[in-house]
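Inspection log for the structure reproduced underneath, given as structure tokens.
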Number of protein chains: 2
Amino acid sequence: MSAIREYYSITELTREFGVSTRTLRFYEDEGLIHPVRRGRTRLFRPSDRHLLKQILRGKRLGFSISEIQEIIQMYKAPPGEVGQIHLMMKRVEEKRAELRQKRRDIEETLAELDQVEEGCIERLAELGVNT
Amino acid sequence: MSAIREYYSITELTREFGVSTRTLRFYEDEGLIHPVRRGRTRLFRPSDRHLLKQILRGKRLGFSISEIQEIIQMYKAPPGEVGQIHLMMKRVEEKRAELRQKRRDIEETLAELDQVEEGCIERLAELGVNT
DNA sequence: CGTACAATTGACTTTTACGTAAATTCGTGG
DNA sequence: CCACGAATTTACGTAAAAGTCAATTGTACG
């Protein structure tokens, strides 16, 4: 078994997650991740790797980079000021509403795909089940 | 109560769904919808409107136009040839897998946002519940 | 019947999220 | 020490999904 690595190279992460080095540098430019450096070379810590997972998850859900940025900000410690905390809670609730909408969209689409499959099965039956 | 309309104008749909006319024309160019014409003016039938709903649902889930195109194709009657039907069933299963992944992503993100909210509440408690 | 407004077409622009290529720089093994 | 491979920087390119603008064209209506 492998212990938890201290650092990952950029190519290790590109292979693990199927993204390009360009993509990782782009995410750094956009301020989504902050790998440390040894000289000019980027070293990704487990926390960077975890962040990358969250970024890619956001991408799969169709969020833009700036939306992902926003979500990631929320994961960091809550701000110190009461007004800011309430603002964050409002944002959290908005994101949740959006996610629930997406979930409903998924359920609907899945249901329709089930219908499609049924149609296919029926059609196959019509054509004679023997193949 | 309003009966089912026969036709919708382009601006009616843009208002109902919050999209621009450019967008609807773009979808038509891409072959997603096929409104009929009176002269040069587009007339959208209820079926076009329904299609538009499905398109926007796909957009919310982060699917590209061509992916949405693919999904919409599935909703049309299954093909006549056995091989084609099996191919379609395979595609359906692939899409379902993708949607289930998205659903997992949503659950994870929702759980994390719950954590964020809890953190906020705790933080507020620390600062004194009186506000 | 004219005009004002809604809709269309076509062309160009913009934004996002990277891709790609060229030139450069580490650093490690032989 | 030096070559070679891996990583970096800089800069320009591109595809997708519209936005925007200009020039027309219907067409409804007073």
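Letters A, B, ... mirror the listed sequences (proteins, then strands); counts begin at 1.
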Any idea which heavy atoms bring [X] and [Y] closest together, and the distance?
| X | Y | answer |
| --- | --- | --- |
| Ile68(B) | Ile55(B) | CD1-O, 3.5 Å |
| Pro35(B) | Asp48(B) | CA-OD2, 3.6 Å |
| Met88(A) | Pro78(A) | SD-CA, 4.4 Å |
| Leu61(B) | Lys102(A) | CD2-O, 3.4 Å |

Are Thr23(A) and Ser20(A) linked by a side-chain donor-acceptor pair shorter than 3.5 Å?
yes
Does any donor atom in the side chain of Gln54(B) or Arg57(B) lie under 3.5 Å from an acceptor atom in the other side chain?
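No.
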Can you tell me how far P of dA7(C) sits from CZ of Phe44(B), to the nearest Å?
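That distance rounds to 10 Å.
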Please state how far atom CZ in Phe63(A) lies from atom P in dT16(C), giving the value in whole angstrom units.
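To the nearest whole Å, that distance equals 17 Å.
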For DNA chain D, what residues of residues 13-32 of chain B have any heavy atom nearer than 4.0 Å?
Ser20(B), Arg22(B), Thr23(B), Phe26(B), Tyr27(B)
Considering residues, nucleotides and ligands other than Arg45(B), do more than 12 of their heavy atoms fall under 6.0 Å from its CZ?
yes
Test item: Leu43(B) and Arg37(B) side chains (from C-beta on) under 4.5 Å apart, heavy atoms
no
First and last nucleotide of DNA chain D, 5' to 3', lying under 4.0 Å from heavy atoms of chain A:
dA7(D) to dA11(D)
Tell me whether Val36(B) is reachable from Tyr27(B) by hopping between hydrophobic residues (I, L, V, M, F, W, Y) whose side-chain heavy atoms are closer than 4.5 Å.
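Unlinked, Tyr27(B) and Val36(B) end up in two clusters.
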Please determine whether side chain to side chain contact (heavy atoms under 4.5 Å, CB included) holds for the pair Phe26(B) and Glu28(B), giving the CA-CA distance in whole Å, both sets of side-chain angles, and the decisive distance to 0.1 Å.
CA-CA 5 Å; Phe26(B) 176 70; Glu28(B) 184 180 2; over 6 Å; no
Hey, what are the protein-to-nucleotides 22-26 of chain C N/O distances that come in under 3.5 Å?
unit_1, atom_1, unit_2, atom_2, d
dT25(C), O4', Arg40(A), NH2, 3.2

